[in-house]
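In what follows, a structure is listed as structure tokens, so that the remarks can point back to it.
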Amino acid sequence: STSTLRASDYLWIGELELEDNAGNEVKMNVRADNGVFVDNITLGKSSRLNFDFYNYGTAMEVEGVEFKSTEIGSSYLIISNMGAGGSFTINGDLVNNMAANEGSTMNVAYVRSAGMTVKGLVDNGTLSHALYFENTGAAGSTATVNVGGLVGGSGAEGNRITTSSNMNNKNLEIRITGSANSSQKTYVYDSRIHDTGAALSVNPLTQIAAGQDHISITMDGAGYKQYLTGPVYIMGATTVKNGQLFITSDHVSQKKYTNGAGETVIWGLNQLSLEGGGFGACGTGAAGAVNEIGSVYAYDMTWSGGQLLVDIGAGMADKVIVQNMFTLSDGAGVYDILISFEAGITPSEQVYRILEWADSAGDYTLDNFDVAFEDGKEYEYELFVDEFGVSIRIDTIPEPSQIAAIIGLCALLAALVARRRRK
């Protein structure tokens, strides 16, 4: 069944819930010339809600949206005909609480829009219950989802935020603006490179092919941290402007790509750009937790500003591996590496490889890098820069009690020497 709400001026709605327990698809079209305002929306089984922008420049605001169903049947939130000047805003959270699947039949939440703003994407579904975004704009366009943070993912499997495979050369950007320090045990990925059921025609970490949709992530939340404990694999750009972004991106697939020599495929980030703030690797912990140490594979990396964030643990450290070209925007500039230690860890004089590349745009040296420590202490360290990357060794610094013991021992030795001299 289909229902229509139409207003020639503004339309105000309290609670809006769509669901048909009999299993039939329920559709509702909502249109107002000057704006639609809704308190809360709940989309149940097989529901399809369409906000239709009748006039360009129309503002539509919703306080909160929840996809909620424990039965099979995909649901849709559709934002149609949003032209220049139009805006769709969810002042609260967009929550996916879908939970149910039968074999290969999944319970999927779809969001179709040319762009939107939302406080938080909260994905509480299990691995099989993805939150799909689809750009409804023109071919070649990019739909931007401005989101405060990605949160949720407390299950052991994690969950998925992805693009629809039907976008046909329409792109999606998730721009994280920062509303809280957020962690999400989730897959954020391009749907077209997720197919592991057959041999891949290209290595996923190659350049974007014409006609492929892709997803990009931009971190632009000053003072905030975002953890994506994935694995994350993105064919678009991963850009850090403000705030700190931590990613796990080292998923290994045993599927081979057919134009290669049978290599194991490693999915990661296609284009990594560090412009400001900080970027680092993290690891996947149990039940949505974040492990400090991890690794990131990227096809290309350009570093023009901001800090490379490196955690050091027991015998291991974060690592960024660039499989193709590593570029410092200013070959004569100095770029900052910020080192932090896991709780209870002290330097062990081990050499850690923290940045590695297959090729570089310049002959980089020690003069291009500077090291600081998050705890504010001063450590003796040695940085190594060769033609394929950067390594660091940090000397063990005695603890205050050890220093006091050493001073005491020196005083005792001095007293013994003086006593012998007196004899």
Side-chain angles (χ1 to χ4, degrees), residues 132-133 135 140-145 150 160-165 167-176 186-196 199-220 226 228-241 245-253 255-260 263-275 277 279-282 294-304 306 308 318-329 355-361 389:
Y132 280 82
F133 284 89
N135 179 4
S141 67
T142 298
T144 299
V145 178
L150 305 178
R160 302 186 291 181
I161 295 176
T162 185
T163 54
S164 168
S165 60
M167 290 207 303
N168 296 323
N169 201 24
K170 302 172 186 178
N171 307 315
L172 177 78
E173 177 193 20
I174 296 179
R175 179 176 289 268
I176 303 169
T186 186
Y187 293 86
V188 179
Y189 66 90
D190 280 283
S191 58
R192 290 186 184 238
I193 67 169
H194 182 62
D195 181 14
T196 59
L200 300 168
S201 60
V202 295
N203 184 336
L205 284 182
T206 56
Q207 301 295 324
I208 302 167
Q212 287 188 318
D213 57 276
H214 68 271
I215 191 170
S216 298
I217 288 182
T218 300
M219 182 67 193
D220 198 9
Q226 175 71 60
L228 297 176
T229 63
V232 177
Y233 32 106
I234 296 172
M235 289 293 286
T238 300
T239 305
V240 183
K241 296 179 178 292
L245 178 62
F246 300 88
I247 285 179
T248 299
S249 189
D250 58 358
H251 179 63
V252 176
S253 168
K255 300 296 180 181
K256 316 302 180 184
Y257 56 98
T258 57
N259 65 341
E263 296 95 333
T264 298
V265 171
I266 300 177
W267 287 331
L269 310 179
N270 187 33
Q271 304 290 324
L272 173 59
S273 179
L274 179 53
E275 301 176 4
F279 176 82
C282 65
S295 57
V296 169
Y297 282 81
Y299 187 70
D300 289 327
M301 177 177 176
T302 301
W303 191 352
S304 60
L308 182 65
D318 289 338
K319 187 177 181 181
V320 175
I321 304 102
V322 182
Q323 294 197 312
N324 187 46
M325 184 63 67
F326 173 77
T327 303
L328 297 178
S329 294
L355 179 60
E356 185 174 296
W357 57 75
D359 197 3
S360 62

Kindly compute the distance separating [atom1] ([X]) from [atom2] ([Y]), expressed to the nearest 0.5 Å.
X      : Y      : atom1 : atom2 : result
Ile176 : Thr218 : CD1   : OG1   : 8.5 Å
Asp359 : Thr327 : CG    : OG1   : 8.5 Å
Ile247 : Leu269 : CD1   : CG    : 5.0 Å
Ile215 : Leu172 : CD1   : CG    : 5.0 Å
Met219 : Leu274 : CE    : CG    : 12.0 Å
Met325 : Thr302 : CE    : OG1   : 9.5 Å

Within the structure provided, determine whether [X] and [Y] are in side-chain contact (heavy-atom separation under 4.5 Å).
X      : Y      : value
Thr238 : Val232 : no
Trp357 : Met301 : no
Ile321 : Ser295 : yes

What closest approach, in Å, do [X] and [Y] show between heavy atoms, and which atom pair accounts for it?
X      : Y      : result
Cys282 : Thr229 : SG-CG2, 4.0 Å
Ser249 : Gly268 : OG-CA, 2.9 Å
Ser216 : Gly236 : OG-CA, 3.5 Å

Exercise. Does the Gln226 side chain pair with the main chain of Leu150, one donor and one acceptor, at a distance under 3.5 Å?
Worked result: yes
Exercise. Do Asn135 and Ser141 get their side chains close enough for a donor-acceptor pair, meaning under 3.5 Å?
Worked result: yes
Exercise. Do you see a donor-acceptor pair shorter than 3.5 Å between the side chains of Thr144 and Glu173?
Worked result: yes
Exercise. Parallel, tilted or perpendicular: which describes the rings of Trp303 and Phe326, with under 30° parallel and over 60° perpendicular?
Worked result: perpendicular
For this session: Begin from the C-alpha positions of Phe279 and Val296 and carry the test side chain to side chain contact (heavy atoms under 4.5 Å, CB included) through to its verdict.
Result: CA-CA 10 Å; Phe279 176 82; Val296 169; 4.0 Å; yes
For this session: Taking only Lys NZ, Arg NE, NH1 and NH2, and the carboxylate oxygens of Asp or Glu, determine whether Lys241 and Asp220 approach each other closer than 4.0 Å.
Result: no
